[in-house]
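I have placed the structure first, in the form of structure tokens, so that the comments after it can refer back to it.
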Amino acid sequence: MLDYNRVRDLAEDLPGVEQSESWGTPSLKVGGKMILRQHEDPELMVVKVALDERDALTRERPEVFIVTPHYEKYPYMLVKTAALADDELRELIIEAWRMTAPKRLLKVFDERGTS
């Protein structure tokens with residue numbers, strides 16, 4: 001739960017983010033749609049990601065960004081969050097949120113000038 005708490009804290013100021021549960025593990029959602037969740041393996045987080053970005057990340061750092069056969073056809077990957085600095089992890093969270101958040105929430109976030 002330590003990494004999930006860290007991820008939750010990094011996402012707490014994103015408009016519309018809500019804590020939930022997905023597949024029996026803690027998750028974060030926006031508009032009822034999952035952006036990330038704690039994997040059953042406590043060292044991993046399931047994070048929503050654009051497929052082209054996922055390909056680049058998994059090629060660059062395959063020991064941190066992982067795609068199992070289960071996630072090959074979905075815009076998600078497994079992430080060893082402990083291997084990432086807060087700023088890098090926050091960037092992943094924001095991108096997952098941006099892929100999912102409705103336009104009105106994107107506008108609120110962008111108008112605040114927070115990244």
Side-chain angles (χ1 to χ4, degrees):
M1 281 296 282
L2 183 61
D3 276 352
Y4 175 78
N5 291 340
R6 177 177 168 226
V7 167
R8 182 199 61 218
D9 291 347
L10 290 170
E12 71 184 352
D13 69 328
L14 296 172
V17 168
E18 55 202 33
Q19 291 190 67
S20 187
E21 188 176 291
S22 298
W23 293 279
T25 63
S27 67
L28 295 179
K29 297 180 180 181
V30 61
K33 297 177 183 175
M34 187 179 84
I35 60 173
L36 61 85
R37 76 174 181 92
Q38 176 69 58
H39 189 266
E40 293 78 8
D41 178 337
E43 293 186 11
L44 298 172
M45 196 74 53
V46 178
V47 180
K48 190 170 193 175
V49 64
L51 295 177
D52 58 340
E53 179 71 10
R54 182 181 78 180
D55 291 345
L57 290 169
T58 57
R59 271 195 311 272
E60 184 180 306
R61 293 171 66 192
E63 71 284 357
V64 176
F65 303 107
I66 303 159
V67 179
T68 61
H70 176 79
Y71 292 106
E72 283 178 351
K73 295 181 182 181
Y74 302 100
Y76 290 94
M77 68 180 168
L78 300 175
V79 178
K80 290 185 179 178
T81 54
L84 301 177
D86 283 354
D87 60 337
E88 190 174 14
L89 184 52
R90 169 108 169 129
E91 185 178 326
L92 281 176
I93 296 165
I94 290 172
E95 288 307 311
W97 175 83
R98 283 190 175 282
M99 288 178 64
T100 312
K103 288 180 183 179
R104 65 180 169 73
L105 293 180
L106 292 171
K107 184 177 178 183
V108 168
F109 183 74
D110 291 338
E111 286 175 352
R112 277 194 329 213
T114 306
S115 57

Rounded to the nearest 0.5 Å, what's the gap from [atom1] on [X] to [atom2] on [Y]? Could you check?
{"X": "Thr100", "Y": "Ile35", "atom1": "OG1", "atom2": "CD1", "value": "6.5 Å"}
{"X": "Glu40", "Y": "Thr25", "atom1": "CD", "atom2": "OG1", "value": "5.5 Å"}
{"X": "Met34", "Y": "Ser22", "atom1": "CE", "atom2": "OG", "value": "5.5 Å"}

Treat each ILVMFWY residue as a node, draw an edge where side-chain heavy atoms are under 4.5 Å apart, and state whether [X] and [Y] are in one component.
{"X": "Val108", "Y": "Leu28", "answer": "no"}
{"X": "Met99", "Y": "Val47", "answer": "no"}
{"X": "Ile94", "Y": "Leu51", "answer": "no"}
{"X": "Leu57", "Y": "Tyr74", "answer": "yes"}

Checking side-chain contact (heavy atoms from CB on, under 4.5 Å) for the pair Leu89/Val7: CA distance, chi angles, key distance, verdict? CA-CA 8 Å; Leu89 184 52; Val7 167; 3.8 Å; yes

Under 4.0 Å between a Lys/Arg side-chain N and an Asp/Glu carboxylate O for Arg6 and Asp86? yes

Does any part of the side chain of [Y], heavy atoms only, come nearer than 4.5 Å to the side chain of [X], both counted from C-beta?
{"X": "Tyr76", "Y": "Leu36", "value": "no"}
{"X": "Arg98", "Y": "Leu106", "value": "yes"}
{"X": "Arg8", "Y": "Gln19", "value": "yes"}
{"X": "Leu14", "Y": "Val30", "value": "no"}
{"X": "Asp55", "Y": "Arg59", "value": "yes"}
{"X": "Val64", "Y": "Glu88", "value": "no"}
{"X": "Leu44", "Y": "Lys80", "value": "yes"}
{"X": "Glu60", "Y": "Phe65", "value": "no"}

Shortest non-hydrogen separation from [X] to [Y] and the atoms involved:
{"X": "Asp13", "Y": "Arg112", "value": "O-NH2, 2.8 Å"}
{"X": "Pro15", "Y": "Leu105", "value": "O-CD1, 3.6 Å"}
{"X": "Lys29", "Y": "Ser27", "value": "CE-OG, 3.8 Å"}

Could you walk me through whether Gln38 and Met45 pass the side-chain contact (heavy atoms from CB on, under 4.5 Å) check? CA-CA 5 Å; Gln38 176 69 58; Met45 196 74 53; 3.6 Å; yes

Would you find more than 12 non-hydrogen atoms of other residues, nucleotides or ligands less than 6.0 Å from Glu91 atom CD? no

Starting from the C-alpha separation in whole Å, work towards a yes-or-no answer on side-chain contact (heavy atoms from CB on, under 4.5 Å) for Val49 and Glu95. CA-CA 7 Å; Val49 64; Glu95 288 307 311; over 6 Å; no

Matching residue for Met77 among Thr68, Val46, Leu92, Ile66 - test: side-chain contact (heavy atoms from CB on, under 4.5 Å): Leu92

